[in-house]
Amino acid sequence: MCVLCSLTYELDLHNMSLLFAFELLLLLLALPHLFCASNSTQTPLDRQAEALPQWKSSLNNWSNDGLDSWTKASNPCDWDGVACSNDVLPRGRDQGDDALVVFNISLVGFALVGTLDRLHFPNLAHLVYLDLSGNILQGSIPSSIGALAQLSHLDLCCSILRGSIPPSIGALSKLTHLDLSNNELNGSIPTSLGNRTKLTSIYLF
Ligand SMILES: *[C@@H]1O[C@H](CO)[C@@H](O)[C@H](O)[C@H]1NC(C)=O
Ligand SMILES: *[C@@H]1O[C@H](CO)[C@@H](O)[C@H](O)[C@H]1NC(C)=O
Ligand SMILES: *[C@@H]1O[C@H](CO)[C@@H](O)[C@H](O)[C@H]1NC(C)=O
Ligand SMILES: *[C@@H]1O[C@H](CO)[C@@H](O)[C@H](O)[C@H]1NC(C)=O
């Protein structure tokens, strides 16, 4: 009796853990779909609207008054220093407001103090124009800046950026204007820049 008892108990335990493992497996299989589903409802503009306030919150608080309009409740296209366009996304995907993206960030002389470390460039992949000159940006230029595949104008002049120029800048195939001058960069000029045939102005002094 006792033997039988403990046997069924063991079987039960065994079944339970099998069932549990099976449920866990189902959950694990479903997880990526759950995340994908929530990602696919996010427009490129949503991703930009997430990345920019995230960067703002990494900046010194006393320096970012100029970004007071950058609140999560508002439309990024209304933010200071930010401009949107529906001409950047490929034509086939033009569907009303889904095609609207931030394409221009121009924060010249905002006197922002901080780094570029928390600026999540992959979320800003539709940027055509980025001018952060005349701020007080420290640290290095993140190599993730190479994610800005549409970028034609890059100006990071007149800050205190250090370290070397990331070779990933050479991956920006649409770059026409590059200004990294008046920083504290060192090291060599990446050879990858030699491939940038559209580049018409380059300032590295
Ligand atoms: C800026 O202020 C916010 C809220 O007061 C705080 O969470 C954040 O850590 C501060 N950021 C910096 C860089 O001081
Ligand atoms: C981006 O905005 C700046 C500041 O308003 C402006 O000078 C520049 O021409 C704009 N760039 C493009 C490509 O529209
Ligand atoms: C560049 O400067 C950093 C310190 O900011 C230093 O660690 C590094 O060795 C320098 N690199 C070159 C190539 O001079
Ligand atoms: C330049 O581009 C060519 C062709 O895409 C590639 O094979 C080469 O590695 C590139 N050179 C550099 C220095 O990135």
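Counting convention: from 1, in listed order, for ligands and their atoms alike. Atom set for the values below is all heavy atoms of this structure, side chains included, hydrogens, waters and symmetry mates excluded.
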- Heavy atom of the protein closest to atom 7 (O) of ligand 2 (residue, atom name, distance):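 Heavy-atom neighbour on the protein nearest atom 7 (O) of ligand 2: Y129 OH, 4.1 Å.
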- Query: Atoms of ligand 2 less than 4.0 Å from S106 heavy atoms?
  - Reply: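 Selected atoms, number and element: 2 (O), 3 (C), 4 (C).
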- Output the list of atoms in ligand 2 that are nearer than 4.0 Å to some heavy atom of N104, sorted by atom number.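 Near N104, meaning under 4.0 Å from one of its heavy atoms, ligand 2 has 1 (C), 2 (O), 3 (C), 8 (C), 10 (C), 11 (N), 12 (C), 14 (O).
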Any protein heavy atom nearer than 4.0 Å to [atom]:
atom	result
atom 11 (N) of ligand 2	yes
atom 4 (C) of ligand 3	no
atom 14 (O) of ligand 3	yes

- Task: Could you point out which residue of L161, D179, L185 forms a side-chain contact (heavy atoms from CB on, under 4.5 Å) with L156?
- Result: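 Between L156 and the candidates, side-chain contact (heavy atoms from CB on, under 4.5 Å) is satisfied uniquely by L161.
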- D87 side chain to S85 side chain, donor-acceptor N/O pair below 3.5 angstrom: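 Absent: no donor and acceptor within the cut-off.
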- Task: Run the ring-centre check on Y129 versus H153 and record whether the distance is less than 6.0 Å.
- Result: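 Ring centres of H153 and Y129 closer than 6.0 Å.
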- According to the interplanar angle, ranging from 0 to 90°, do the rings of W70 and W79 count as parallel (below 30°), tilted (30 to 60°) or perpendicular (above 60°)?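 It falls in the parallel class, under 30°.
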- Message: For I202, I'd like to know if atom CD1 has over 12 heavy atoms of other residues, nucleotides or ligands within 6.0 Å.
- Response: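 For I202, atom CD1 is crowded (more than 12 foreign heavy atoms under 6.0 Å).
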- Task: May I ask you to decide if L107's main-chain N or O and N135's side chain share a donor-acceptor pair within less than 3.5 Å?
- Result: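 Side chain of N135 to backbone of L107, a donor-acceptor pair under 3.5 Å: yes, one is there.
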- N186 to ligand 3: N or O pair under 3.5 Å?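 Yes; the residue has a nitrogen or oxygen that sits under 3.5 Å from a nitrogen or oxygen of the ligand.
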